[in-house]
Amino acid sequence: MIIVDDQAMVRAGFAALLSAQADIDVVGEAPDGRQGIQVSRTVHPDVVLMDVRMPEMDGLSAARELLDPPPGVVHRPKVLMLTTFDIDDYVYEALRAGASGFLLKDAPPADLIAAVRVVASGEALLAPSVTRRLIADFVERRPAPRRDPALRLNGLTPRETEVLELIARGLSNQEIAGHLVVAEQTVKTHIGRVLGKLELRDRAQAVIFAYEAGLVRPGDGG
């Protein structure tokens, strides 16, 4: 993985913490988004830990370039956004661009380590208490997307629609399995079909899609 942050002490601290883990290798770092892209395309990390606010090029712009690269660039790392604020316009846009999630900079060290592992494994990192509030806040203030997500919901079975709604409410796979009284592996199968039918990258985009489709509305309980 690589670390992209404009504060040298933050980079050094995160690098020391993460490198101490037997299953995590920090193979590069950069002080801004532009250099972060260059480093990523040189060392091909599995995960990019990306600060949101940086000079030269912010984390959002860098995440967009990494996740939607130009023709000829095949490497697409997982991007985990770092932010100082739990409600942040840039973070919402990064999730829409395909980032795998975000983490507050003041999160406990154990949370950072766990977040990197979750994202590296291909899962999206969603902290329901923060992510749902952030998404709800911005979705209700934004224009409808180009393709009407409500129409795309018609391609889902009733059970798949129910699973999507529970994801958007912040439930984990285990909690969804308990709610539906099915095996956790069955839930994973449903989620895979939902993502495939809706052409979504991961769980983070599924939450945003559910709000934009009106399946879940801001202020709905968990």
Side-chain angles (χ1 to χ4, degrees), residues 1-21 23-127 130-131 133-135 137-138 142 201-205 208:
M1 67 169 298
I2 67 171
I3 300 167
V4 185
D5 193 292
D6 61 329
Q7 295 179 291
M9 289 186 66
V10 171
R11 294 198 307 273
F14 285 162
L17 174 67
L18 293 166
S19 295
Q21 310 308 307
D23 57 339
I24 299 176
D25 292 322
V26 178
V27 295
E29 60 178 65
D32 62 64
R34 195 174 307 283
Q35 292 185 53
I37 293 171
Q38 295 173 351
V39 173
S40 178
R41 289 180 179 164
T42 299
V43 301
H44 295 170
D46 294 320
V47 177
V48 176
L49 189 61
M50 180 86 73
D51 190 21
V52 170
R53 302 178 185 276
M54 294 181 289
E56 296 297 326
M57 176 184 281
D58 63 42
L60 171 59
S61 300
R64 281 178 173 152
E65 287 207 25
L66 289 174
L67 296 166
D68 189 18
V73 177
V74 296
H75 178 250
R76 293 190 188 188
K78 305 291 193 308
V79 177
L80 176 60
M81 305 299 297
L82 280 168
T83 179
T84 309
F85 311 100
D86 62 353
I87 298 296
D88 193 313
D89 202 350
Y90 284 123
V91 177
Y92 173 81
E93 293 295 348
L95 288 173
R96 288 195 69 176
S100 294
F102 71 93
L103 192 69
L104 296 178
K105 274 192 171 182
D106 60 0
D111 286 3
L112 173 62
I113 295 166
V116 170
R117 287 174 175 151
V118 166
V119 171
S121 73
E123 295 291 326
L125 181 76
L126 292 178
V130 176
T131 305
R133 187 168 75 250
L134 179 150
I135 293 172
D137 181 51
F138 286 106
R142 292 184 182 268
R201 282 194 184 95
D202 57 30
R203 202 181 186 100
Q205 289 199 328
I208 293 171

- Item | Heavy-atom donor-acceptor pair, Ser61 side chain to Met57 backbone, under 3.5 Å | no
- Query: Any side-chain heavy-atom pair from Leu80 and Ser100 closer than 4.5 angstrom?
  - Reply: no
- Message: As an exercise, state the distance from CG of Leu82 to CG of Leu103, rounded to the nearest 0.5 Å.
- Response: 6.0 Å
- Message: Does any part of the side chain of Lys105, heavy atoms only, come nearer than 4.5 Å to the side chain of Asp51, both counted from C-beta?
- Response: yes
- Item | Where Met81 and Ala63 come nearest, the two heavy atoms and their spacing | SD-CB, 4.2 Å
- Message: Just checking Asp46: does its CG atom have more than 12 heavy atoms from other residues, nucleotides or ligands closer to it than 6.0 angstrom?
- Response: no
- Say you draw a straight line from CG of Leu60 to CZ of Arg53; how long is it, rounded to the nearest 0.5 Å? 10.5 Å
- Task: Look only at the side chain of His44 and the backbone of Pro77, and say whether a donor-acceptor pair between them is shorter than 3.5 Å.
- Result: no
- Message: So which atom in Val27 and which in Pro45 form the shortest heavy-atom distance, rounded to 0.1 Å?
- Response: CG2-CB, 4.5 Å
- Query: Just wondering, do Met1 and Asp25 contact through their side chains at under 4.5 Å, heavy atoms?
  - Reply: no
- Query: Which pair of non-hydrogen atoms, one from Ala99 and one from Leu67, has the smallest distance, and what is that distance?
  - Reply: N-CD1, 3.4 Å
- Examine distances only and state if a side-chain atom of Asp5 and a backbone atom of Gln7 form a donor-acceptor pair shorter than 3.5 Å. yes
- Would you say the side chain of Ile3 lies within less than 4.5 Å of the side chain of Leu18, judging by non-hydrogen atoms? yes
- Are any of the side-chain heavy atoms of Pro31 and Glu56 separated by less than 4.5 Å? no
- Task: Starting at CZ of Arg64, measure out to CG of Asp58 and round the result to the nearest 0.5 Å.
- Result: 8.5 Å
- Would you say the side chain of Leu49 lies within less than 4.5 Å of the side chain of Ile2, judging by non-hydrogen atoms? no
- Side-chain contact test, heavy atoms from C-beta onward, threshold under 4.5 Å: evaluate it for Asp6 versus Asp32 and give yes or no. no
- Got a donor-acceptor contact below 3.5 angstrom from the Thr42 side chain to the Gln38 backbone? yes
- Item | Closest approach of Arg41 to Pro70 (non-hydrogen atoms, all atoms of both residues) | NH2-CD, 3.5 Å
- Heavy atoms only: give me the nearest Leu66-Pro69 pair and the separation to one decimal. O-CD, 3.7 Å
- Query: For Ala30 and Val39, which heavy atoms make the closest approach, and how far apart are they?
  - Reply: CB-CG2, 4.2 Å
- Which distance, rounded to the nearest 0.5 Å, do you find between the CZ of Arg76 and the CD of Glu65? 13.0 Å
- Message: Using a 3.5 Å distance criterion without hydrogens, assess whether the side chain of Ser121 forms a donor-acceptor pair with backbone atoms of Val118.
- Response: yes
- Separation between OG (Ser40) and CE (Met50), nearest 0.5 Å, reads 7.5 Å
